[in-house]
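In listed order, ligands and their atoms are each counted from 1.
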Amino acid sequence: MGKVVGIDLGTTNSLIATLEDGQPWVIPDEDGELLLPSYVGISDAGQLLVGKSAMRQYAAAPERTVKSIKRQMGTDYRVTLGGGADSPVGAASPKENREYRPQEISAIILKTLKQRAEEVLEEDITQAVITVPAYFTDAQRQATKEAGEIAGLDVLQILNEPTAAALVFEVNSEETETVMVYDLGGGTFDVSIVEITGNVTEVLASHGNNRLGGDDFDRQLERHLADQFAAHYDIELPSDTVTQARLLRAAEQAKIGLSENAFVTVREPFLASKGETALHLEMEIAREDFENLITPMLKETLAAIDRALSDADMEATDIDRVILVGGSTRIPLVQRLVENHLADTPVSSFAPDLCVGLGAAVQAGVLSGEAVDSILVDVTPHSLGIAAVMSTPMGPVPDMFSAIIPRNSVIPISRSQIYRTAYDQQDTVEIEVYQGENAIARENVPLGSFKIEGLPPKPAHALQIEVHFDFDLNGILTVTATEKGKGQQESLVVNDAETGRLSSRELSQSRDAISSLFDTLALPLFETENMETEEDIEDDNGNALE
Ligand code: AMP
């Protein structure tokens, strides 16, 4: 088996890591940068931009740049990127407009990371473990897997981010340690309770919000800056995308500054004008003001902690330590609130931006048979079941949610349940699959439905239908229903249709389109004009020279 890499495909930043001699390390780019900003764009000249170059372009040309695509994974969102408004839609050349699905944009990020690893490790990389928030739905996991396929990677496992983070922390003894992983990144929040015994990691409970993170703090601060600006000059800030993007970038920089300093000054010259006069934004922000802005959102994360504790049937005192993961945990208030909330539990963090990717590399090592014998046990983030008529003392109630796999079950898991027909002469049953926790089926997330038709005429309750759920390590659900008499059987791989899952033909079309984009990649690495020979760029020790 070749080398398997671990990839943290983040909302804000992504990275690729590998395992060597039992130790995970992050593979840097040619400038030594570990993180690849999760930005993709097309330059003015029609070149593909990925990472920092696309991030730099964002403020000036947001219409040609995509960020935070992770938030759209698993939806049928489309983004148009290309050379300009006049360009035809649907063309494969980046000089022309083309609509991209979220998994295609993610594939561009993955392919860039894959190439980075291939350069450094000097071998082809075809297999990967990719992390996702524990709270990601099946559709979001499927889309992540497809992104890997489009990028030319066989995704051996979709791994939950908090589980990956816990894999990095060495466990001191053979005694069981209960660890809470609090992960607050750019776009998502997750809290998981993980039990580690020796090399076995088991996720006991997981809870989160896949629409809460540092991006929201940036937006709050951006609004605050805009309000202050309007109050100061008595004029609204222009609402064009360039001004908004500049303000958002200034807000993020201010936020990061406030993690180290009690005050920062935001300066954005020539942000607007009043008559002939140019107006500049220059404003001091106190850490305390920023903290007040984000406290309500952070309180939501504390409520999620309580929910995870109660799901795991635990008290705060049962937690041995808390691990902080994700760039936003660098905000001092985050650490303080978590510490206060969990009283005397020690809170630690180690490379909060890197540890998910490092953990993915550990798991990749396990899968490729390298000498790290950790074993991973993961759980389902939601209950999975079907809509059914339930008998109650008041009589039958339709459309109730009958959970077949309860939330926080250890995966992989297969479970079956027997149902009976509800009416006399019933010749069809419809299996409607849902995920969620509400007792009313329709209040949960529908995952798909299918029918078994042509059932033999029988009185109510006489026919038995076995519904089998199979939930695999990647969080993908296969539902099979079998009529017990004649053995009629139908099945459904969840999210096949509704969630915009791609067919193999679409996948291969995407793969070709993304590959052709890479021919235009705006990286010095691929410029042929000044290309030196291999002897030129290596010194006697084989180290790469500038
Ligand atoms: P991640 O998704 O883990 O890469 O985290 C990215 C988020 O962390 C972004 O919203 C960043 O703005 C934020 N971030 C990174 N460094 C800091 C910092 N020093 N203080 C506050 N937020 C930060």
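- No donor-acceptor pair closer than 3.5 Å links the side chain of Thr188 to the backbone N or O of Pro133.
- When atom types are taken as modelled, the side chain of Ser14 and the backbone of Gly10 share a donor-acceptor pair closer than 3.5 angstrom.
- A side-chain donor-acceptor contact under 3.5 Å links Asp29 to the backbone of Asp31.
- Taking every heavy atom of Arg330 and a limit of under 4.0 angstrom, the matching atoms of ligand 1 come to 16 (N), 17 (C), 18 (C), 19 (N), 20 (N).
- Taking all heavy atoms of Pro37, Gly257, Gly327, Ser14 into account, the minimum distance to atom 8 (O) of ligand 1 is reached by Gly327.
- Near Gly326, with a cut-off below 4.0 Å to any heavy atom, the atoms of ligand 1 are 3 (O).
- Under a 3.5 Å cut-off, the side chain of Gln363 and the backbone N or O of Ala360 do not form any donor-acceptor pair.
- Set against the non-hydrogen atoms of Gly186, the atoms of ligand 1 under 4.0 Å away are 1 (P), 2 (O), 5 (O), 6 (C), 7 (C), 9 (C), 10 (O).
- Ligand-side atoms of ligand 1 in range of Asn13: 4 (O), range being under 4.0 angstrom from any heavy atom.
- With salt bridges taken as basic N to acidic carboxylate O contacts below 4.0 Å, one links Arg321 and Glu177.
- Heavy-atom contacts of Gly185 reach the following atoms of ligand 1: 1 (P), 2 (O), 3 (O), 5 (O), 7 (C) (cutoff under 4.0 Å).
- For Lys255, a nitrogen or oxygen atom sits less than 3.5 Å from a nitrogen or oxygen atom of ligand 1, counting backbone and side chain alike.
- When the shell of 6.0 Å around CD of Glu437 is examined, it contains more than 12 heavy atoms from other residues, nucleotides or ligands.
- Listed by atom number, the atoms of ligand 1 under 4.0 Å from Gly214 heavy atoms are 10 (O).
- A side-chain donor-acceptor contact under 3.5 Å links Gln57 to the backbone of Ile42.
- Ligand 1 lies within reach of Ile256, whose nearest heavy atom is under 4.0 Å from it.
- Inclusion of Glu252 in the set of residues having an N or O under 3.5 Å from an N or O of ligand 1 is warranted.
- In summary, the atoms of ligand 1 found under 4.0 Å from a heavy atom of Ser259, numbered by their order in the structure, are 18 (C), 19 (N), 20 (N), 21 (C).
- By the 4.0 Å heavy-atom criterion, Ile331 is counted among the residues contacting ligand 1.
- Figure legend: Arg219 and Phe217 shown without cation-pi pairing, the cationic atom not lying both under 6.0 angstrom from the six-membered ring centre and within 45 degrees of its axis.
- Heavy atoms of Gly10 stay at 4.0 angstrom or farther from ligand 1.
- Exactly one of Lys255, Arg71, Arg211 qualifies for a salt bridge (Lys or Arg N to Asp or Glu O under 4.0 Å) with Asp216. That residue is Arg71.
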